[in-house]
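First the structure, in the form of structure tokens, and then the observations on it.
The analysis underlying the following values was restricted to heavy atoms, covering all of them including side chains, and did not include hydrogens, waters or symmetry mates. Please read these numbers as outputs of a predicted model, since none were measured by experiment.
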Amino acid sequence: SSDDTISYGIKAGLPWATLQAAYETDDLVDKLSIGGSVKLGNSKITVAQNTKKDDAGTYKYTGNSIGAETKITDDLKIDAHLGMAEDSKDTGFDFKQKAVTLTKTLAPGIETHLTWTDYEEKQSSGAANDETGTSYNFGVKVSF
């Protein structure tokens, strides 16, 4: 892109919590992300908000999400996520997503995961179509 881009970011952390923010702007689009996480024993909760708007004023997306992860045993972990987004310039746009992931360590350096994701997107402007879907993902990660 030939657009001039300016980006800023900040992150502050403690052993049990992290806060961070980032801002980016170019000739046409402004983006802002703010989030934080808190550790509670074997668990962690993360919240975030993101906005994206164009300088022409045709859209202003706001996304909010919350995620939680916890270790069930030394080799089994579960993560859950809920995200929602809306466009304040288009009252007919609405997006929701939820996901759950189970991660199992089989041996040092070998990990498997199974993820279920469900989403729903509603749009009312232009030729847009509503979409819904569910996906499943299975993966193996090998590290050495």
Side-chain angles (χ1 to χ4, degrees), residues 1 3-125 128 130-144:
S1 169
D3 294 341
D4 292 330
T5 301
I6 300 170
S7 300
Y8 304 96
I10 188 167
K11 180 177 181 179
L14 297 168
W16 52 272
T18 302
L19 294 173
Q20 54 191 13
Y23 174 77
E24 180 177 287
T25 185
D26 61 31
D27 292 337
L28 303 172
V29 179
D30 297 327
K31 300 170 206 130
L32 175 65
S33 298
I34 300 171
S37 61
V38 176
K39 293 180 185 176
L40 307 164
N42 287 335
S43 301
K44 182 167 84 169
I45 296 173
T46 303
V47 295
Q49 182 178 66
N50 303 287
T51 58
K52 179 180 176 180
K53 67 178 183 168
D54 66 332
D55 290 342
T58 55
Y59 62 83
K60 183 179 179 185
Y61 297 109
T62 301
N64 297 295
S65 62
I66 184 166
E69 61 183 70
T70 190
K71 271 178 99 175
I72 297 170
T73 66
D74 286 341
D75 59 354
L76 183 62
K77 181 175 79 163
I78 186 168
D79 301 287
H81 165 85
L82 175 63
M84 297 158 284
E86 54 95 20
D87 180 0
S88 63
K89 301 289 184 173
D90 177 1
T91 57
F93 176 84
D94 185 44
F95 179 83
K96 293 182 179 117
Q97 180 184 61
K98 48 194 170 209
V100 176
T101 299
L102 284 172
T103 304
K104 171 89 168 141
T105 301
L106 300 176
I110 302 174
E111 186 178 275
T112 63
H113 72 267
L114 177 62
T115 301
W116 165 83
T117 304
D118 189 67
Y119 74 94
E120 177 180 9
E121 181 176 339
K122 294 181 179 179
Q123 300 185 43
S124 64
S125 61
D130 292 349
E131 296 181 18
T132 60
T134 301
S135 66
Y136 302 91
N137 178 280
F138 174 75
V140 177
K141 178 181 172 184
V142 179
S143 305
F144 50 90

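- Aromatic ring pairs are classed by plane angle as parallel below 30°, tilted from 30° to 60° and perpendicular above 60°; the pair Tyr23 and Tyr8 is parallel.
- Rounded to the nearest 0.5 angstrom, Asn64 CG and Gln49 CD are separated by 4.5 Å.
- Rounding to the nearest 0.5 Å gives a distance of 8.0 Å between NZ of Lys98 and CG of Leu82.
- Annotation: side chain of Leu102 is not in contact with side chain of Trp116 (no heavy-atom distance under 4.5 Å).
- If you take CD1 on Ile66 and OG on Ser37, they are separated by 11.5 Å, rounding to the nearest 0.5 Å.
- Side-chain contact between Asp54 and Leu28 is absent, with no heavy-atom pair separated by less than 4.5 Å.
- When side chains are defined from C-beta on, His113 counts as touching Asn137, because their heavy atoms get closer than 4.5 Å.
- Within 6.0 Å of CD1 in Ile10 there are 12 or fewer heavy atoms belonging to other residues, nucleotides or ligands.
- No more than 12 heavy atoms of other residues, nucleotides or ligands shown are found within 6.0 angstrom of NZ on Lys44.
- Here the shortest heavy-atom pairing between Phe95 and Glu121 reads CD1-CB, 3.7 Å.
- Atom NZ of Lys89 sits in a sparse spot, with 12 or fewer heavy atoms from other residues, nucleotides or ligands closer than 6.0 Å.
- Pairing each heavy atom of Lys77 with each of Asp79, the nearest pair is CE-OD2, 3.5 Å.
- Applying side chain to side chain donor-acceptor pair (under 3.5 Å) to Lys104 and the options Asp75, Thr112, Thr73 leaves one that passes, Asp75.
- Interatomic distance, Ile34 CD1 to Thr51 OG1, rounded to the nearest 0.5 Å: 7.5 Å.
- Taking NZ of Lys53 as the start and OG of Ser88 as the end, the distance is 9.5 Å to the nearest 0.5 Å.
- Going from atom CD1 of Ile78 over to atom CD of Glu69 covers 11.0 Å, rounded to the nearest 0.5 Å.
- With 3.5 Å as the limit, one finds no donor-acceptor pair spanning the side chains of Thr70 and Asn42.
- Side-chain contact between Val29 and Tyr59: present, with at least one pair of heavy atoms (C-beta onward) separated by less than 4.5 Å.
- Here the shortest heavy-atom pairing between Thr117 and Ala99 reads OG1-CB, 3.7 Å.
- Enclosure of atom CZ in Phe138 by more than 12 non-hydrogen atoms of other residues, nucleotides or ligands within 6.0 angstrom is indicated.
- Taking both residues in full, the closest heavy atoms of Gly133 and Asp118 are given as O-OD1, 3.2 Å, listed atom of the first, atom of the second, then distance.
- Between Glu24 and Lys31 there is a salt bridge, since a side-chain N of the basic residue sits under 4.0 Å from a carboxylate O of the acidic one.
- The minimum heavy-atom distance linking Gly83 with His81 is given by the pair N-NE2, 3.6 Å.
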